[in-house]
Amino acid sequence: MSAIQQAPASPAANPLRWVPSLYFVQGLQFFVVMLIASMMYKKLGVENDQIARWTSLIGLAWAFKPLWSPFLELIPSKKRIVVSMQFLGAVGLLAVALALQLPSWFGASLAVFFVLAYASATHDIACDGLYMASLSDKEQAAYAGWQGAFFNASKFLTQGGLLILAGLLAERFGLSNAWTTIFVMLGVLLALLASYNAFALPNPLPAQVQKGGASAVWQTLVEVIADLLRKPGIWIFMLFIVLFRLAEGQVQTIGPLFLLEAREKGGLGLTQEQTGGVYGTVGTAAFLVGSILGGYFTSRLSLRRAMPVLLLAMAVPSVTFYYLAAARPADIVHIGAAIALEMFGYGFGFVGMILFIMQVVAPGRFQTAHYALGSGVMQLGFILARSFSGDVQLALGYERFFLWTIACGVPALLLYFFVRFPQAQDAAAEEAAPQAGALPAGH
């Protein structure tokens, strides 16, 4: 996206000394803001519509980050940005802990999460830039698996371990104090990781910034966006991306809250420990298996032929939660099996959107920049669906809400028949799909 030519990287340490810690931090900050905050607010008594609306507004940081990413190229050291944002994130997490002890804890914590989101999104830009500047193309491919594995390991920690620990602490110290303790621990952990990364991260040679500084970068950004909008069929592509995430954005927001909701209010009444255990174990494993198999499935068929199946796979979470809302099982094994199916379908189907942006939206003169912008539209679609999901759920109740999300998957399936896939995309799918399974969903 930028008008910058990257200088060759300086000799760096073994990537296994820094790639895992770098991407673990990237995932940790993202999942704390976009996942743990929602589940914490639910346990503290905030209504679903307020949770969905405010966390969606905060999540816009990841949708809009391509717009300021070129300007970060004006700072020569990617390492400096990464480490600074990590320390800022640590301070922010400690500030959340403090905010939870204030009388106006909800507004205060939201304000801190807002800052955390933009710091995390900025960290993501510099993090990926550091990775690409420090490694050759061959090395980037070789360590992509480690990158994806440790990003998702942070999800296991947040959605699994932290929820379990929060539940145990709440029994002894109360909910507010339990979550304060959790955020203190997260702040200390991130500070330690930032200190380690300050030592371990490579510091590639500074980029050569194009003459003209910020003005030249702005002109390039305008040119990149204009070039994207001139592509034939681009508005259908963008609409398809948004509709692809219409059902998913609602289900992924309300689904975990439904599990925590009291049974007398239509939920399943799971404890934090049970919810964390289900998502952190079988849920995470099923998602990873589904992502990998979805990538190989698409590679075998090509994206054009595989897309209808991938779209149907994206309906599996809606169908699964509709079943749970209608049947209301109390057996944790029964519920865990359903969540495993839900996450498998989610992982399997989501590969389609990653590859659609790679192979249909991005190709051309500004391929990397257009991929970033397409990813921003993808995140925007998720945020828009998330923003009204709470209002719809309160109006319909859980059972009819999940039936509604099944219907929300139909428009994308119908629009598929109007999307023109490039003739050369079958060959591209065979090369790109196996790597897609390691990509973090929704990020």
Pairs satisfying salt bridge (charged side-chain N to carboxylate O under 4.0 Å, His left out), at least one member in residues 262-272, at least two apart: none

Qualifying residues under salt bridge (Lys or Arg N to Asp or Glu O under 4.0 Å), relative to E47, sequence neighbours excluded: none

Exercise: identify the closest heavy-atom pair between S21 and Y196: OG-CE2, 3.6 Å

Proximity of Y118 and F64 rings by center, below 6.0 Å: no

Where at least one partner belongs to residues 328-348, residue pairs that pass salt bridge (charged side-chain N to carboxylate O under 4.0 Å, His left out), sequence neighbours excluded: none

ring-ring contact (aromatic ring centres under 6.0 Å, His included): pairs with one or both residues in residues 310-343, sequence neighbours excluded: F321-F402, Y323-H334

Donor + acceptor pair across side chains of Q86, H123 (<3.5 Å): yes

Non-hydrogen side-chain atoms of M314 and R245 separated by less than 4.5 Å: no

Partners meeting side chain to side chain contact (heavy atoms under 4.5 Å, CB included) with V242 (sequence neighbours left out): V377

Spacing of L35 atom CG and Q252 atom CD [to the nearest 0.5 Å]: 9.5 Å

Rounded distance [0.5 Å steps], CG in L396 versus CG in D391: 10.5 Å

Minimum side-chain heavy-atom gap Y23-C127 below 4.5 Å: yes

For S389 against T253, the heavy-atom pair lying closest together: OG-CG2, 3.6 Å

Point-to-point distance, once rounded to the nearest 0.5 Å, from CE of M353 to CG of L311: 7.5 Å

Approximate separation, where rounding is to 0.5 Å, of L229 CG and W235 CH2: 5.0 Å

Gap between atom CG of L310 and atom CG of L413 - 0.5 Å precision: 11.5 Å

Worked verdict on L186 versus I36 for side chain to side chain contact (heavy atoms under 4.5 Å, CB included): CA-CA 12 Å; L186 283 170; I36 290 300; 5.5 Å; no

Counterpart residues, side-chain hydrogen bond (donor to acceptor under 3.5 Å, both in side chains), relative to K42 (two or more places apart): N48, E261

Worked check of side chain to side chain contact (heavy atoms under 4.5 Å, CB included) between L98 and F183: CA-CA 9 Å; L98 177 62; F183 277 96; over 6 Å; no

4.5 Å side-chain heavy-atom contact, V82 and N197: no

Distance-minimising heavy-atom pair for L190 and L93: CD2-CD1, 3.8 Å

Salt bridge (charged side-chain N to carboxylate O under 4.0 Å, His left out) contacts in which one or both residues fall within residues 277-292, not counting sequence neighbours: none

Whether W18 and Y131 hold their rings parallel, tilted or perpendicular, with breakpoints at 30° and 60°: perpendicular

Test item: M378 and F244 side chains (from C-beta on) under 4.5 Å apart, heavy atoms: no

Beyond-backbone contact of W179 with V96, side-chain heavy atoms, under 4.5 angstrom: no

F287 and Y279: CA distance, side-chain angles, deciding distance, ring-ring contact (aromatic ring centres under 6.0 Å, His included) verdict: CA-CA 10 Å; F287 174 80; Y279 271 116; over 10 Å; no

Nearest heavy-atom neighbours spanning V316 and L341: CG1-O, 3.5 Å

Minimum side-chain heavy-atom gap V361-L228 below 4.5 Å: yes

Qualifying residues under side chain to side chain contact (heavy atoms under 4.5 Å, CB included), relative to A119, sequence neighbours excluded: M85, L88

Sub-4.5 Å side-chain heavy-atom contact between D124 and S120: yes

Compile the donor-acceptor pairs under 3.5 Å between side chains in residues 163-177 and protein atoms, sequence neighbours left out, one pair per line.
from : atom 1 : to   : atom 2 : distance (Å)
S176 : OG     : L100 : O      : 3.2
N177 : OD1    : Q101 : NE2    : 3.4
N177 : ND2    : F173 : O      : 3.1

Closest approach of A52 to G390 (non-hydrogen atoms, all atoms of both residues): CB-N, 3.7 Å

Rounded distance (nearest 0.5 Å) linking atom NE2 of H370 with atom CD1 of I357: 13.0 Å

Donor-acceptor pairs are to be reported for all side-chain atoms of residues 105-117 against protein atoms at under 3.5 Å, with residues two or more places apart or in another chain.
from : atom 1 : to   : atom 2 : distance (Å)
S109 : OG     : Y41  : OH     : 2.7
S109 : OG     : W105 : O      : 2.8
S109 : OG     : F106 : O      : 3.0

Test side chain to side chain contact (heavy atoms under 4.5 Å, CB included) applied to W404 and Q393, step by step: CA-CA 9 Å; W404 151 258; Q393 184 277 312; over 6 Å; no

Side-chain touch F356/I241, heavy atoms, less than 4.5 angstrom: yes

S56: side chain to side chain contact (heavy atoms under 4.5 Å, CB included) partners, not counting sequence neighbours: I383, R386, S387

Taking every non-hydrogen atom, the tightest pair across L415 and I236: CD2-O, 4.0 Å

Partner residues of V319 under the side chain to side chain contact (heavy atoms under 4.5 Å, CB included) criterion, sequence neighbours left out: I406

Test log, rule side chain to side chain contact (heavy atoms under 4.5 Å, CB included), inputs L259 and I339: CA-CA 10 Å; L259 298 181; I339 295 302; 4.0 Å; yes

